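The sequence lines fix the lettering, A, B, ..., with proteins before strands; numbering per chain opens at 1. Just so we're clear, the structure is a prediction, and the values are computed from it rather than from any experiment.
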Amino acid sequence: GAGVSQSPSNKVTEKGKDVELRCDPISGHTALYWYRQSLGQGLEFLIYFQGNSAPDKSGLPSDRFSAERTGGSVSTLTIQRTQQEDSAVYLCASSLPYKGYTFGSGTRLTVV
Amino acid sequence: GENVEQHPSTLSVQEGDSAVIKCTYSDSASNYFPWYKQELGKRPQLIIDIRSNVGEKKDQRIAVTLNKTAKHFSLHITETQPEDSAVYFCAASSNNYGQNFVFGPGTRLSVLP
């Protein structure tokens with residue numbers, strides 16, 4: 001596609017429920033990333049996928065968070081047993097070598 | 001691992017003046033340095049980048065300089081305009097693909113009319 005597509009754009013969920021966030025990267029981009037951004041804050045790294053290599057999961061804040069990337073394309077970030085502190089904008093990005101990231105428009109997650 | 005610091009955290013300038021944001025990095029192997037602009041409520045967007053074999057790069061009113069010896073790089077915006085008001089993030093990459101950046105904490109720039 002022309003850009004990085006994320007869905008849903010907004011998600012309100014009850015505390016304790018599981019959520020799935022989807023990212024469709026730019027076709028041909030070998031790398032895919034998930035970041036989290038709380039209101040007025042910086043970009044918190046979550047996970048990095050590069051081709052067929054094992055993902056760098058070092059930024060995942062707890063074992064309630066997991067992500068997968070199927071067929072080297074679409075990625076899903078899953079948050080189990082959501083907590084209020086999980087409320088944030090979740091940004092996905094994809095890139096080619098030395099070309100910078102293209103970010104999606106994000107999913108705003110609100111846990112009530 | 002890499003660590004990126006960014007200063008100042010907030011910056012206010014008068015319209016027409018110049019703005020400079022500075023970043024330092026810790027990993028001497030870092031070889032790619034992009035800058036992102038994030039307007040309120042929008043996604044970060046790449047505005048300029050520089051590779052380690054270049055000392056300076058310009059694009060209209062914005063420029064980036066890199067000092068590999070001192071391990072710092074800076075964003076320069078000249079003739080600032082109100083639409084330059086945003087949060088700016090610097091980043092550094094030390095991996096083999098120029099990817100998997102470490103971002104700085106951001107600088108909130110306000111251009112006052």
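Identified by a heavy-atom distance below 4.5 Å to chain B, contributing residues of residues 57-71 of chain A are lacking entirely. Listed by sequence position, the residues of residues 14-26 of chain B in contact with chain A number zero, using a 4.5 angstrom heavy-atom cutoff. Heavy-atom neighbours of chain B within the stretch residues 14-22 of chain A, taken at a separation under 4.5 angstrom, are nonexistent.
Within 6.0 Å of CD on Gln80(A) lie more than 12 heavy atoms contributed by other residues, nucleotides or ligands. Within a 6.0 Å sphere centred on CG of Asn52(A), heavy atoms belonging to other residues, nucleotides or ligands number 12 at most. Within a 6.0 Å sphere centred on CD of Glu85(A), other residues, nucleotides and ligands contribute more than 12 heavy atoms.
Interface summary for chain A: among Ser93(B), Pro34(B), Gly104(B), Pro44(B), the most heavy-atom pairs under 4.5 angstrom belong to Pro44(B). Heavy-atom pairs under 4.5 Å with chain A were tallied for Pro105(B), Ala91(B), Gly98(B); the largest tally goes to Gly98(B). In terms of heavy-atom pairs under 4.5 angstrom with chain B, the leader among Leu96(A), Asp56(A), Val89(A) is Leu96(A). Of the listed residues (Leu46(B), Val87(B), Asn100(B), Leu40(B)), the greatest number of heavy-atom pairs within a distance under 4.5 Å of chain A belongs to Asn100(B).
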Inset, instruction - For Tyr33(A) and Gln99(B), run side chain to side chain contact (heavy atoms under 4.5 Å, CB included): C-alpha distance rounded to whole Å, both residues' side-chain angles, the deciding distance at 0.1 Å, then the answer. - result: CA-CA 10 Å; Tyr33(A) 317 81; Gln99(B) 297 174 317; 3.0 Å; yes

Inset, instruction - Evaluate the criterion side chain to side chain contact (heavy atoms under 4.5 Å, CB included) for residue pair Tyr97(B) and Gln50(A); output intermediate values, then yes/no. - result: CA-CA 9 Å; Tyr97(B) 303 99; Gln50(A) 173 60 54; 4.0 Å; yes

Inset, instruction - Report the C-alpha separation of Phe103(B) and Phe45(A) in whole Å, then their side-chain angles, then the decisive distance to 0.1 Å, and conclude whether the ring-ring contact (aromatic ring centres under 6.0 Å, His included) test is met. - result: CA-CA 9 Å; Phe103(B) 283 92; Phe45(A) 168 74; 9.6 Å; no

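Residues Gly104(A) and Arg43(B) approach most closely at O-CB, 3.4 Å, considering heavy atoms. Here the closest non-hydrogen pair linking Tyr98(A) and Asn96(B) is OH-O, 3.6 Å.
Residue contact with chain A, scored on non-hydrogen atoms closer than 4.5 Å, involves the side chain of Asp49(B) exclusively. Proximity to chain B involves both the backbone and the side chain of Leu43(A), based on heavy atoms less than 4.5 angstrom apart. Using a 4.5 Å cut-off between heavy atoms, Gln38(B) contacts chain A through its side chain alone, with no backbone atom that close.
Ile77(B) and Ile50(B) fall within a single hydrophobic cluster, where Ile, Leu, Val, Met, Phe, Trp and Tyr side chains are chained together by heavy-atom contacts under 4.5 Å. Val102(B) and Leu91(A) are not part of a single hydrophobic cluster, where members link through side-chain heavy atoms under 4.5 Å apart. Both Tyr88(B) and Leu66(B) are members of a single hydrophobic cluster when ILVMFWY side chains are connected at heavy-atom separations under 4.5 Å. Transitive grouping of hydrophobic side chains (ILVMFWY, heavy atoms separated by less than 4.5 Å) brings Leu75(B) and Phe73(B) into a common cluster. Under the 4.5 Å side-chain heavy-atom criterion for ILVMFWY residues, a single connected hydrophobic cluster contains both Leu32(A) and Ile79(A).
Applying the salt bridge (charged side-chain N to carboxylate O under 4.0 Å, His left out) criterion to Arg61(B), with sequence neighbours excluded, gives Asp84(B).
Side-chain polar atoms of Tyr48(A) and Asn95(B) form a donor-acceptor pair below 3.5 angstrom.
For Tyr101(A) and Phe101(B), the gap between ring centers is short of 6.0 Å.
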